[in-house]
Novice: 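Below is the structure I would like to discuss, written out as structure tokens.
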Amino acid sequence: DTILAEIRGYGNTTPRLRLQLSAKAYTHTAEYDAMIATYMREKAGLDEKLFLEFDLVQPLRYGENPHQQAKFYRSGERVPYSLAYARQLNGKEMSYNNIQDANAALAIVREFDEPFCVGLKHMNPCGAAVGRDAAGAWTKAYEADKVSIFGGIVALNRPVTRETAELMKPIFLEIIMAPSFTPEALEVLSTKKNLRLLEVPMEKSDAKQRQLVSVTGGLLVQDLDLETRPVTADMCVTEKRPTERQLADLDFGWRIVKHVKSNAIVVVKDGRTLGVGAGQMNRIGSAELALKQAHAQGVTEGLVLASDGFFPFDDCVSLAAASGVEAIVQPGGSVRDEDSIRKANESGIPMLFTGMRHFKH
């Protein structure tokens with residue numbers, strides 16, 4: 001129609017339209033040629049070249065800081081739990097930092113099949129919980145850290161109903177993400193004009209995904225860390241065995257600590273985080289922070305501790321034993337594992353080794 005309109009109006013297409021059509025044609029053939037080149041170089045045994053294709057979603061107001069320019073792109077391959085394919089139902093435009101935080105929250109949500117909610121600030125969970133339904137999960141996650149959730153991001157893996165929306169409404173939040181929102185929930189939450197509400201596709205998929213991280217003058221590419229081993233009793237390396245209740249919390253804590261910046265320690269009880277120690281330069285520092293947060297909530301016994309990496313010394317086990325921790329899960333793999341196992345045995349604490357590390361830098 002555009003071409004016909006220009007011919008009728010001007011007797012020919014305009015140079016501007018011809019340039020646009022040429023650009024689209026060359027883009028199409030460039031994408032096709034890149035696919036052929038990748039295939040042929042692999043068959044020919046030549047060094048790999050990485051051709052990337054991303055489409056602009058939107059320019060952003062600025063990047064991490066106001067003096068930095070930024071844009072948001074998405075890959076041509078639609079994947080679940082992707083902010084690039086979310087539908088925004090309410091609120092102002094997403095910022096660079098909003099997108100980073102929202103992406104981190106979605107990575108945690110995809111770990112759980114049961115009703116789950118996570119609150120997140122600055123790329124780390126500040127409260128996470130499983131519950132009987134979305135409302136129950138939200139309540140437990142909020143109570144895990146009522147201070148840090150202020151101005152945070154919330155993600156759930158169940159539809160948001162009016163009941164859940166009414167519970168969330170009084171709290172200042174930047175973003176709420178879920179697979180869907182009922183009309184009644186939208187009615188409640190849309191009264192807050194700046195609150196971003198995002199409907200995110202959350203269908204399960206076992207397909208491998210790549211993670212791209214830019215470094216100055218280069219690019220790091222790795223498989224996305226999608227594998228999480230369920231914590232089972234046969235992973236126990238101590239004399240004392242975990243109870244069923246402890247096993248449930250060990251598995252929950254293991255799925256959360258995977259998404260906390262290393263060095264990471266998470267303290268949980270009854271399917272809820274109580275303390276999160278993130279990004280410290282030594283593991284004992286992270287453990288001290290997590291346990292201090294748990295104790296500040298008045299919980300000093302029946303705790304379960306999860307670590308994203310092994311214990312190089314037995315100090316974390318000693319601290320845990322003196323702080324009300326009754327079970328520990330960690331990857332294992334240190335040359336001094338026996339020191340930690342010995343200390344756990346002396347303290348009567350079951351400790352489990354998953355055999356899989358989950359560093360997050």
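Position 1 is the first residue of the sequence; numbering continues from there.
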Novice: Check this for me: does any side-chain nitrogen of one of K258 and E111 sit under 4.0 Å from a carboxylate oxygen of the other?
Specialist: yes
Novice: Is it true that a side-chain atom of Q280 and a backbone atom of N282 form a donor plus acceptor pair closer than 3.5 Å?
Specialist: no
Novice: Taking the six-membered ring of Y85 (Phe, Tyr or Trp), confirm whether the NZ or CZ of R74 is under 6.0 Å from its centre and within 45° of its axis.
Specialist: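 Yes; both conditions hold, so R74 lies above the ring face of Y85.
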Novice: Between the side chain of K140 and the main-chain N/O of V130, is any donor-acceptor distance below 3.5 Å?
Specialist: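 Yes; judged by distance alone, with no hydrogens or angles, the pair exists.
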Novice: For L156, which of M168, M202, M177 qualifies under side-chain contact (heavy atoms from CB on, under 4.5 Å)?
Specialist: M168
Novice: Would you check if there is a donor-acceptor pair between the side chains of D225 and H358 at a distance under 3.5 Å?
Specialist: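 There is such a pair between these side chains.
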Novice: With a 4.5 Å cut-off on side-chain heavy atoms, are V325 and V304 touching?
Specialist: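 Sidechains of V325 and V304: no contact.
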Novice: Is a salt bridge present between R283 and D308, judged by a nitrogen-to-oxygen distance below 4.0 Å?
Specialist: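 Salt bridge present between R283 and D308.
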Novice: Using a 4.5 Å cut-off on heavy atoms from C-beta on, say whether the side chain of L60 contacts that of Y62.
Specialist: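 No - every pair of side-chain heavy atoms lies 4.5 Å or more apart.
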Novice: Should the pair K204-D113 be classified as a salt bridge under the 4.0 Å nitrogen-to-oxygen rule?
Specialist: yes
Novice: Taking the six-membered ring for Trp, are H361 and F359 parallel (under 30°), tilted (30 to 60°) or perpendicular (over 60°)?
Specialist: perpendicular
Novice: Will you find, in the side chains of E6 and T13, an N or O donor that is under 3.5 Å from an N or O acceptor?
Specialist: no
Novice: Are more than 12 heavy atoms from other residues, nucleotides or ligands located less than 6.0 Å from atom CD of Q68?
Specialist: yes
Novice: Is the closest side-chain heavy-atom distance between E326 and L303 below 4.5 Å?
Specialist: no
Novice: Looking at side-chain heavy atoms only, is the closest gap between L289 and I265 below 4.5 Å?
Specialist: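 Not touching, per the 4.5 Å side-chain cut-off.
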Novice: So which heavy atom on P242 is nearest to which on P350, and how close?
Specialist: N-CB, 3.8 Å
Novice: Pairing donors with acceptors under 3.5 angstrom, does anything connect the side chains of R229 and T354?
Specialist: no
Novice: Yes or no on side chain to side chain contact (heavy atoms under 4.5 Å, CB included) for Q246 and D249, after CA distance, side-chain angles and deciding distance?
Specialist: CA-CA 5 Å; Q246 290 169 350; D249 274 345; 5.8 Å; no
Novice: Give the intermediate values and the outcome of side chain to side chain contact (heavy atoms under 4.5 Å, CB included) for residues L220 and L212.
Specialist: CA-CA 6 Å; L220 289 171; L212 311 178; over 6 Å; no
Novice: Taking L83 as the starting point, is it possible to reach V160 by hopping between hydrophobic residues whose side chains are less than 4.5 Å apart?
Specialist: no
Novice: If you look at every heavy atom in P179 and P159, which pair is closest and at what distance?
Specialist: CG-N, 4.0 Å
Novice: After noting the C-alpha distance and the side-chain angles of R162 and E184, does the key distance pass the salt bridge (charged side-chain N to carboxylate O under 4.0 Å, His left out) rule?
Specialist: CA-CA 5 Å; R162 176 183 285 277; E184 297 78 13; 6.0 Å; no
Novice: Tell me if a side-chain donor or acceptor on K269 pairs with a main-chain N or O of E301 at a distance below 3.5 Å.
Specialist: yes
Novice: Quick one: are R357 and F310 in side-chain contact, heavy atoms under 4.5 Å?
Specialist: no
Novice: Counting heavy atoms not belonging to M35, are there more than 12 under 6.0 Å from its CE?
Specialist: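 Counting neighbours around CE of M35, 12 or fewer heavy atoms of other residues, nucleotides or ligands fall under 6.0 Å, so no.
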Novice: Any chance you could lay out the side chain to side chain contact (heavy atoms under 4.5 Å, CB included) test for M351 and V329, step after step, and finish with the verdict?
Specialist: CA-CA 6 Å; M351 184 163 63; V329 61; over 6 Å; no
Novice: Nearest 0.5 Å please: distance from the CD1 atom of I99 over to the CE atom of M94.
Specialist: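 Spacing of CD1 (I99) from CE (M94) equals 5.5 Å.
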Novice: Would you indicate whether the side-chain heavy atoms of V268 and L274 approach each other to under 4.5 Å?
Specialist: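 L274 does not reach V268 side chain to side chain.
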Novice: What closest approach, in Å, do T273 and F252 show between heavy atoms, and which atom pair accounts for it?
Specialist: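 Answer, listing the atom of T273 first, then F252: N-CE2, 3.8 Å.
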Novice: What distance separates E346 CD from I341 CD1, expressed to the nearest 0.5 Å?
Specialist: 12.5 Å
Novice: Taking atom CD1 as the centre, does I3 end up with more than 12 heavy-atom neighbours from other residues, nucleotides or ligands that are less than 6.0 angstrom away?
Specialist: no
Novice: Going hydrophobic residue to hydrophobic residue with side-chain gaps under 4.5 angstrom, can you get from Y81 over to L197?
Specialist: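 No; tracing contacts between hydrophobic side chains, which count when under 4.5 Å, never links both residues.
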Novice: State whether the side chain of R241 and the backbone N or O of A233 hold a donor-acceptor pair below 3.5 Å, judged by distance alone.
Specialist: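 The answer is yes, because a donor-acceptor pair under 3.5 Å joins these two groups.
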Novice: Would you say D251's side chain and L247's backbone share a donor-acceptor pair under 3.5 angstrom?
Specialist: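 Looks like no, no N/O pair under 3.5 Å.
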Novice: Within the side chain of S262, is there an N or O that forms a donor-acceptor pair under 3.5 Å with the backbone of K360?
Specialist: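 Yes.
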Novice: Evaluate the salt bridge (charged side-chain N to carboxylate O under 4.0 Å, His left out) criterion for residues R196 and E174: first the C-alpha distance (whole Å), next the side-chain angles of each, then the deciding distance (0.1 Å), finally the verdict.
Specialist: CA-CA 6 Å; R196 303 165 179 90; E174 289 277 359; 2.7 Å; yes
Novice: Is there a donor in the side chain of N103 and an acceptor in the side chain of Q100, or the other way round, less than 3.5 Å apart?
Specialist: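 The criterion, which ignores hydrogens and geometry beyond distance, is not satisfied for Q100 and N103.
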Novice: Which atom pair, heavy atoms only, marks the closest approach of F353 to P331?
Specialist: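 Taking every non-hydrogen atom into account, CB-O, 3.8 Å.
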Novice: How close do S82 and V79 get, heavy atom to heavy atom, and via which atoms?
Specialist: CB-O, 3.3 Å
Novice: What do you reckon, are the aromatic ring centroids of Y96 and F72 less than 6.0 Å apart?
Specialist: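 Aromatic pair excluded; centres sit 6.0 Å or further apart.
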Novice: Short question: side chain of K121, backbone of I149 - any donor-acceptor pair under 3.5 Å?
Specialist: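 Judged by distance alone, no pair lies under 3.5 Å.
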Novice: Can you hop from L167 to I171 via hydrophobic side chains spaced under 4.5 Å?
Specialist: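 Linked within one cluster.
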Novice: Can you check whether V118 reaches V154 side chain to side chain, under 4.5 Å on heavy atoms?
Specialist: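 No. Closest side-chain heavy atoms not under 4.5 Å.
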Novice: Would you say Y26 has more than 12 foreign heavy atoms packed within less than 6.0 Å of its OH?
Specialist: no
Novice: Indicate yes or no for a side-chain donor-acceptor contact from N157 to the backbone of E114 under 3.5 Å, with no hydrogens or angles considered.
Specialist: yes
Novice: For the atom pair NZ (K24) and CG (L21), what is the distance rounded to the nearest 0.5 Å?
Specialist: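 With rounding to 0.5 Å, NZ (K24) is 6.5 Å from CG (L21).
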Novice: Give a yes or no on whether L305 and I284 share a hydrophobic cluster (residues Ile, Leu, Val, Met, Phe, Trp, Tyr; joining criterion: side-chain heavy atoms under 4.5 Å apart).
Specialist: yes
Novice: Look at atom CD of E93 and say whether more than 12 heavy atoms of other residues, nucleotides or ligands are closer to it than 6.0 Å.
Specialist: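 Enclosed.
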Novice: What are the two closest non-hydrogen atoms of P125 and H259, and how far apart are they?
Specialist: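 Looks like CD-O, 3.9 Å.
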Novice: The test is side chain to side chain contact (heavy atoms under 4.5 Å, CB included); show your working for L89 and L198 and say whether it passes.
Specialist: CA-CA 6 Å; L89 307 177; L198 279 81; over 6 Å; no
Novice: Quick one: does F112's side chain get under 4.5 Å of R110's, heavy atoms only?
Specialist: no
Novice: Are any of the side-chain nitrogens in D339 or K343 under 4.0 Å away from the carboxylate oxygens of its partner?
Specialist: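 Result for this pair is no, no salt bridge flagged.
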Novice: Taking atom NZ as the centre, does K240 end up with more than 12 heavy-atom neighbours from other residues, nucleotides or ligands that are less than 6.0 angstrom away?
Specialist: no
Novice: Say whether N97 and S95, considering side chains only, have a donor N or O and an acceptor N or O under 3.5 Å apart.
Specialist: no
Novice: Answer yes or no: is there a donor N or O on one side and an acceptor on the other, between the side chain of N263 and the main chain of A278, under 3.5 Å?
Specialist: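 Answer holds: no.
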Novice: For H295, does the NE2 atom have more than 12 heavy-atom neighbours from other residues, nucleotides or ligands under 6.0 Å away?
Specialist: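 It does: H295 NE2 has more than 12 such atoms within range.
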Novice: Report whether I153 and V260 are members of the same hydrophobic cluster (ILVMFWY, side-chain heavy atoms less than 4.5 Å apart, transitive linking).
Specialist: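 I153 clusters together with V260.
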Novice: Is the shortest distance from a Lys or Arg side-chain nitrogen in R41 or E48 to a carboxylate oxygen in the other one below 4.0 Å?
Specialist: no
Novice: Give a yes or no answer on whether the side chain of D55 reaches the backbone of Y73 with a donor-acceptor pair at less than 3.5 Å.
Specialist: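 The answer is no, because no donor-acceptor pair under 3.5 Å joins these two groups.
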